[in-house]
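Nothing here was measured: the structure is a model prediction, and the numbers come from that model.
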Amino acid sequence: LRKLAIEHVNIAKALTQKGSEFDLLLHPEDELVVFGLVENREIVLEKLLAQLDAQATAQSQSLKFNIGGMVKHPGAYPLASNLTIARAIALAGGLAESAYTLQVDVTRTYLGDNQEVLVKNFTVNADAQDFKQLTLQPRDVVNIRQKPEFREYASVELIGEVVFPGNYRIKKGETLTELIKRAGGFNNYAHINAAVFTREDLRVQEAVQLEKLKERLKADVASSQLENANAGKTNNVDQLQTLLDNLDTTKAIGRLVIDLESIMKAGLNDVVLKDGDKLFIPEFKQEVTVIGEVQYPTSHLYDKYLSVDEYIERSGGETDKADDARIYVVKANGSVVLPNKSGWISAAGVTIEPGDTIVVPVEVDNINNLTLWTQVSQIVYQMALGAAAIRSF
């Protein structure tokens with residue numbers, strides 16, 4: 001790490017005078033020792049720029065310029081005499097990998113005849129003589145463009161029962177079917193209908209929504225506790241508190257429900273991939289799981305002749321706390337069907353398939369926010385199922 005000692009020197013004056021090699025002081029990894037004190041580059045720059053602003057008057061602009069875009073250290077810098085664009089780029093640490101090197105944009109402000117501030121934009125070609133000879137003026141703004149279609153390394157991970165699992169770099173606009181073909185397709189053990197597809201920006205959105213939901217539910221629990229205390233009831237509030245505790249431990253996973261079988265067969269609703277996407281393809285599942293308010297939550301070997309009610313009976317039947325009117329089925333691909341919802345579909349019409357999960361929610365009829373708490377129950381179960389599927393790899 002280089003150090004430059006300067007004693008008893010007016011820093012701003014020394015760094016802006018003609019012929020000053022002030023760029024040596026502004027190297028990204030320099031330290032500047034002034035009167036025995038070691039200061040980093042950012043602190044030195046901040047002090048210099050503040051002093052330059054203080055020295056500016058109505059007749060003389062602040063002796064600084066700004067460089068932004070695809071350089072390693074964008075920002076404001078002191079302006080030396082005869083500072084060229086090439087020199088300015090060097091002061092900012094040089095060009096970033098994504099920099100477009102054929103042209104540079106410059107924005108310049110100046111005063112008109114009536115002292116109105118005018119703005120002029122112009123472009124300098126990198127191979128032109130102006131690039132090396134054009135000198136910057138006070139308050140010029142230099143912008144280094146990004147290369148067209150440039151992206152940082154973007155990858156998608158394929159995990160599980162594909163021929164060649166692993167991380168794959170993707171091109172812009174590449175789809176899920178294209179990537180799976182690149183990976184050799186699925187092997188003979190793949191359970192396509194149980195695929196779990198996750199996306200990072202969805203996970204972030206889910207996490208935000210979960211926090212908001214927790215705050216609403218905490219307020220509802222407190223309100224319900226007060227109401228039920230006055231009425232001498234506690235059981236339902238205890239159930240709701242249990243749901244809230246479960247929600248506190250639920251982590252957002254960013255699952256996007258997809259019908260992978262239809263996508264692969266007919267290209268319907270193909271997914272355009274994004275950086276950080278993950279596709280989990282599990283080994284074929286033979287079981288059907290029953291969870292929630294049943295006597296013995298467990299998994300059963302799939303039997304195509306059994307109905308929703310019969311699977312529940314095989315788990316010992318419903319408990320006293322069960323809400324049998326709101327039983328729902330989480331399909332292997334993450335979608336939800338409501339077998340007992342009036343006007344939608346009858347229990348007899350629901351086809352249970354391998355990998356499905358039957359959820360028997362808790363009864364919360366005596367709570368004012370019934371719809372909200374039912375949604376909480378569904379969120380907890382669905383995210384837990386998705387997380388469990390991912391952890392199985």
Side-chain angles (χ1 to χ4, degrees), residues 157-163 165 176-177 180 183 185-199 202-203 206 250-266 268-269 271 277-294 296-316 326-341 344-361 377-393:
E157 188 173 7
L158 299 182
I159 304 171
E161 305 304 321
V162 291
V163 176
L176 184 58
T177 55
I180 292 174
F186 307 110
N187 63 31
N188 294 331
Y189 304 99
H191 192 173
I192 300 176
N193 288 332
V196 178
F197 184 90
T198 65
R199 176 160 286 173
L202 293 180
R203 187 197 65 78
E206 282 181 5
T250 299
K251 303 297 182 182
I253 60 174
R255 183 173 186 176
L256 176 65
V257 176
I258 61 173
D259 185 351
L260 187 56
E261 186 175 18
S262 297
I263 291 174
M264 297 304 299
K265 285 183 177 179
L268 298 175
N269 300 317
V271 180
D277 286 351
K278 294 181 180 180
L279 179 65
F280 303 82
I281 304 294
E283 189 175 356
F284 188 80
K285 296 180 178 180
Q286 293 182 285
E287 68 275 6
V288 173
T289 302
V290 182
I291 62 175
E293 295 301 321
V294 291
Y296 187 67
T298 189
S299 297
H300 307 275
L301 193 64
Y302 169 70
D303 185 336
K304 65 179 180 180
Y305 298 108
L306 294 181
S307 66
V308 171
D309 291 338
E310 289 169 326
Y311 277 112
I312 292 175
E313 288 301 317
R314 291 199 171 193
S315 286
R326 295 183 177 86
I327 294 172
Y328 58 94
V329 178
V330 181
K331 304 296 289 182
N333 66 0
S335 61
V336 177
V337 294
L338 310 174
N340 291 326
K341 186 171 181 179
W344 177 303
I345 190 171
S346 65
V350 173
T351 301
I352 298 297
E353 298 172 309
D356 289 354
T357 300
I358 301 169
V359 182
V360 182
S377 175
Q378 293 175 351
I379 289 172
V380 169
Y381 283 131
Q382 287 172 253
M383 288 190 173
L385 290 173
I390 293 173
R391 286 195 299 268
S392 66
F393 290 94

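Summarising the geometry, atom CD1 belonging to Ile263 is positioned 13.0 Å from atom NZ belonging to Lys265; distances are rounded to the nearest 0.5 Å. Interatomic distance, CD1 of Ile180 versus CE of Met264, reported as 4.5 Å (0.5 Å rounding). Between the CD atom in Glu206 and the OG1 atom in Thr198 there is a gap of 10.0 Å [rounded to 0.5 Å]. The structure places CZ of Arg255 at 7.0 Å from CG of Asn333, a figure rounded to the nearest 0.5 Å. Annotation: the span from Phe284 atom CZ to Ile192 atom CD1 amounts to 10.5 Å, rounded to 0.5 Å.
Scanning both residues, Tyr189 and Glu161, for their nearest heavy atoms gives CB-OE1, 3.8 Å. Listed here is the closest heavy atom pair of Ala195 and Ile281: CB-CD1, 3.6 Å. Across all non-hydrogen atoms, the minimal contact from Ser315 to His300 is OG-NE2, 2.8 Å. Shortest non-hydrogen contact noted between Thr351 and Asp356 is O-OD2, 3.9 Å. Pro354 and Ala332 get closest at one heavy-atom pair: O-CB, 3.9 Å. Shown here for His191 and Lys285, the closest heavy-atom pair between the two residues is ND1-N, 3.1 Å.
For Ser262, the side chain to side chain donor-acceptor pair (under 3.5 Å) partners are Asp259, not counting sequence neighbours.
When side chains are defined from C-beta on, Leu306 counts as touching Arg314, because their heavy atoms get closer than 4.5 Å. Side-chain atoms of Tyr296 and Val290, non-hydrogen and from C-beta on, never get closer than 4.5 Å to each other.
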Ile352 and Val308: side-chain contact (heavy atoms from CB on, under 4.5 Å), yes or no, with the steps? CA-CA 7 Å; Ile352 298 297; Val308 171; 3.7 Å; yes
Can you list the steps and then say if Ser307 with Asp309 is a side chain to side chain donor-acceptor pair (under 3.5 Å)? CA-CA 5 Å; Ser307 66; Asp309 291 338; 5.2 Å; no
Before you tell me yes or no, could you show the steps for Val360 and Ile327 under side-chain contact (heavy atoms from CB on, under 4.5 Å), namely the whole-Å CA-CA distance, both residues' side-chain angles and the distance that decides it to 0.1 Å? CA-CA 5 Å; Val360 182; Ile327 294 172; 4.3 Å; yes
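In Lys278, the NZ atom is not crowded: 12 or fewer heavy atoms of neighbouring residues, nucleotides or ligands sit closer than 6.0 Å. The local environment of CD in Gln286 is sparse, with at most 12 non-hydrogen atoms from other residues, nucleotides or ligands closer than 6.0 Å.
For the pair Tyr311 (side chain) and Thr357 (backbone), a donor-acceptor distance under 3.5 Å is absent.
Applying side chain to side chain contact (heavy atoms under 4.5 Å, CB included) to Val271 and the options Leu260, Thr177, Leu279, Leu176 leaves one that passes, Leu176.
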